[in-house]
2 protein chains.
Amino acid sequence: MSNTKVLPLIEPESDAVAPCCPPLTERPFTAEEAETAARMFKALGDPVRLRLFSAVASHEDGEACVCDISDVGVSQPTVSHHLKKLREAGLLTSERRGTWVYYRVEPSVLAAMGKLLTMAPPST
Amino acid sequence: MSNTKVLPLIEPESDAVAPCCPPLTERPFTAEEAETAARMFKALGDPVRLRLFSAVASHEDGEACVCDISDVGVSQPTVSHHLKKLREAGLLTSERRGTWVYYRVEPSVLAAMGKLLTMAPPST
DNA sequence: GCAAGCCATCGACGAATGTCGAAACAAAGG
DNA sequence: CCTTTGTTTCGACATTCGTCGATGGCTTGC
């Protein structure tokens, strides 16, 4: 058990994070842009996921143990399922430290989604 | 049944528009807040709807005829279905003028959703 | 090693969703 | 009127989604 490796923890899912699209108001989205952006919106389009995400985002140091945020009215497997969805959408990352697993928000994603929703400045 | 109440004319859909929630990062969302906010994110969580919304939002004067934005790769009834969903979520409004129906973005909603995604300012 | 606690995965189920073609509705023009 | 054109509604279908209980994998502590 010489499992001394420390950080092969970068998720393959993190490519969903990247800057994807201009503001929604700038020009009509292409099919590809829409596909990418919709994946992120969809991830936040469920009440339970939104509560979980908000719980992590507002928690101390921007990270939270699963055990701290599991009280959202659904079973434990369901919580785990939703956290996985949020991970796959690139909104959260997870890391195991000893007994517990900690989730953390990917800050660049919030910024990217925020920009999508900005109004275009009055063009001339 | 002297129902003299004055304003039953408000669309049932328009309540989804209102200021609903603090930034996601401020504190954990309540179940109610999550329900409201998730409805809006869900509406944008489909690629076709996102393209339609973007097409309207980026169109001249912020409004567009259905016939101008129907080229998103699905049948016309499906376009109509998605536009209805966006209306019900409070993101778009529609108005018939003669032969054509025009859709228009509800600007306050973009602002509200944008605020949800803002990072909390460093506390103290 | 073994029991206990935390978290993820599996398999199954009903409900919701996206899609279409056909049909209905509405306005405009002959 | 009747036809044409633009848009919505209806009915049906396959797929996806949210949920659960049961099970499995890790890590810690005895």
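- Applying the side-chain contact (heavy atoms from CB on, under 4.5 Å) rule to E32(B) yields the partners T30(B); only residues at least two apart in sequence or on another chain are considered.
- Rounded to an integer number of Å, the gap from L86(A) CG to dC7(C) C1' is 16 Å.
- Listed pair K85(B) / dG18(C) meets the phosphate criterion, a side-chain N or O lying under 4.0 Å from OP1 or OP2.
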Nucleotide N/O of nucleotides 11-13 of chain C paired with protein N/O under 3.5 Å:
none

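- Going from atom NZ of K84(A) over to atom C1' of dT19(D) covers 15 Å, rounded to whole Å.
- Judged as a side-chain contact (heavy atoms from CB on, under 4.5 Å), and not counting sequence neighbours, the contacts of K84(B) are R87(B), E88(B).
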*Sequence-aligned protein contact record of nucleotides 25-30 of chain C, with B where the base is within under 4.0 Å of a protein heavy atom and S where only the sugar-phosphate is*: --SS--
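- Residues passing the salt bridge (charged side-chain N to carboxylate O under 4.0 Å, His left out) test with E33(A) are R27(A), sequence neighbours excluded.
- Residues satisfying the side chain to side chain donor-acceptor pair (under 3.5 Å) criterion with S80(A), sequence neighbours excluded, are absent altogether.
- Evaluation of the side chain to side chain donor-acceptor pair (under 3.5 Å) rule for S75(A) yields T78(A) as partners, not counting sequence neighbours.
- Between the P atom of dC26(D) and the CD atom of E95(A) lies a distance of 18 Å, rounded to the nearest Å.
- Listed by first and then second residue, the salt bridge (charged side-chain N to carboxylate O under 4.0 Å, His left out) pairs involving residues 63-83 of chain B are E63(B)-R97(B), E63(B)-R104(B) (not counting sequence neighbours).
- Side-chain proximity of W100(A) to the nucleotides dT9(D), dC7(C), dG21(C) is greatest for dC7(C).
- Of the residues in residues 76-83 of chain A, Q76(A), P77(A), S80(A) come within less than 4.0 Å of DNA chain C through at least one heavy atom, sorted by number.
- Evaluation of the salt bridge (charged side-chain N to carboxylate O under 4.0 Å, His left out) test over residues 46-59 of chain B, restricted to residues two or more places apart or in two chains, returns none.
- One interatomic measurement links the two molecules: CZ of R39(A) to C1' of dT16(D), which rounds to 16 Å at whole-angstrom precision.
- Residues from residues 44-64 of chain B with heavy atoms under 4.0 angstrom of DNA chain D: there are none.
- Remark: E60(A) pairs with no residue by the salt bridge (charged side-chain N to carboxylate O under 4.0 Å, His left out) rule, at least two apart or across chains.
- Residue Y102(A) places no side-chain N or O under 4.0 Å from the OP1 or OP2 atom of dC6(C).
- Rounded to an integer number of Å, the gap from CD1 of I69(A) to P of dC6(C) is 14 Å.
- Between dC17(D) and K42(A), a contact under 4.0 Å exists linking OP1 or OP2 to a side-chain N or O.
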